[in-house]
Amino acid sequence: MNFERVKEKLNILADAAKYDVSCSSSGSNRTNKNKGLGNSTVMGICHSYTEDGRCVSLLKILLTNHCIFDCAYCVTRKSNDVQRAAFKIQEVVDLTINFYRRNYIEGLFLSSGIFKSPDYTMERLVAVAKKLREEENFNGYIHLKSIPGASDELMYEAGLYADRLSVNIEIPTISGLKLLAPDKKHEDFLKPMLKVKNEIVRYKSEKKLIRSTPKYAPAGQSTQMIVGATGESDKDIMYSATHFYKNYNMKRVYYSGYVPVADDKRLPAIGTQVPMLRENRLYQTDWLLRFYGFAVNELLNDAHPNLDIEVDPKLSWALRNLNHFPVDINTADKRLLARIPGIGMYSVSKIIKGRKFRKLNWEHLKKMGVALNRAKFFILCDSPNWERRDLDADRIKGMILQNSSGKFRNQYSSQLSLFN
Ligand code: SF4
């Protein structure tokens, strides 16, 4: 191996991969067999995240940043004048093994621009995973990016070696995709997703009958949407995410604030602020939909197509629905408790357990981790009522913001206004 050349390629191809946020090693339990290398049982929880929540513990690279397509939002697009490189299959295998042995990484996240054709590229991605598993006996985590338009046969094979597969939908609406990536067809994303979903379901049901059935993409599949490249509302984005969770058994949908990389009048200008706060609000909404029993139309609808950037989506919902409050902590059901701002699911469980033995008051709630600075406006408990019950939504919001130390408090993103 020519180390200098590989190092040069690594610089180019790791840099090009940084725009993809859909890497997370949670959810897999591949065990180490035959004294092989790595163990994703441990790795399932050993990934680390940067401050903004991005995963950093995987070797995250592109196989190549050559691409036959010209998606306007992508730094790898063919019309972009950047230095290009491509790894050989064996180079990626060697890098992964060497980095793993040095304890730099816990696994591999491998994506790619499209060489020649989707199948030609997918075949190479699969070959890397296959070599790692079969020749190097590597049991660490592998996340393969699926190439839109790849054949069912290759998608099937990919799931036999990878822990997680993902096809990035990138632009949340069909019209946005047509505008920015006219080479791509919406069906090219859906077909591989559907194949992976069907195989996961099939393998799971076969495993119930035949215990020796191998695992197929045990950490499931994920996708990523770029936020703020086009004028989609948060409502469009979350309806699209819900569709993928429901119909394609997505493990995760990732939201990635658009980083302006192109001087193109279809896109926000270079230098426009990356909508990190909007991205954060979308993740919070995603969480509320998956774990807190909210429906999309409660949080986002025609009257409120975008999330309130200043406060989290649960607080925003509560402020619009003050008629549901105050909620009595000592009698309310689980569903209603989960809707109180400042109370997470962990605290909900503690409240339900704790109130079996005593009536809960402010002190109990504080010890349970309830954020009383927010919750106090919305609850009753076994303490004297918080003295103010005459406040309207604007006043409550103002008081909460005044006492908030949130790092995003003063960063009001102007991203959405670009499309008004
Ligand atoms: S196909 Fe993928 S890598 Fe190629 S330009 Fe489009 S988004 Fe970028």
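Note that ligands are numbered from 1 as they come in the structure, with each ligand's atoms numbered from 1 the same way. We count residues from 1, following the sequence as given.
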Of all the atoms in Cys74, is at least one N, O or S atom closer to atom 6 (Fe) of ligand 1 than 2.8 Å?
-> no

Mark yes or no: Arg374 above the aromatic ring of Phe378, with NZ or CZ under 6.0 Å from the six-membered ring centre and no more than 45 degrees from the axis.
-> no

Does NZ or CZ of Arg339 come closer than 6.0 Å to the centre of the six-membered ring of Phe294, within 45° of the ring's axis?
-> yes

Separation of Lys376 NZ from Ile396 CD1 (nearest 0.5 Å) | 11.0 Å

Contact partition for Ile114 relative to ligand 1, non-hydrogen atoms under 4.0 Å | side chain

Atom 6 (Fe) of ligand 1: closest protein heavy atom, distance to 0.1 Å, is Cys71 SG, 2.3 Å

Which ligand 1 atoms, with their elements, are less than 4.0 angstrom from a heavy-atom of Gly113?
-> 3 (S)

Out of Lys145, Arg77, Lys184, who gets a non-hydrogen atom closest to atom 5 (S) of ligand 1?
-> Arg77

Identify whether the distance between the nearest side-chain nitrogen and carboxylate oxygen of Asp333 and Arg335 falls below 4.0 Å.
-> no

Decide, counting backbone as well as side-chain atoms, whether Cys67 has an N, O or S atom less than 2.8 Å from atom 8 (Fe) of ligand 1.
-> no

Do other residues, nucleotides or ligands put more than 12 heavy atoms under 6.0 Å from Lys185 NZ?
-> no

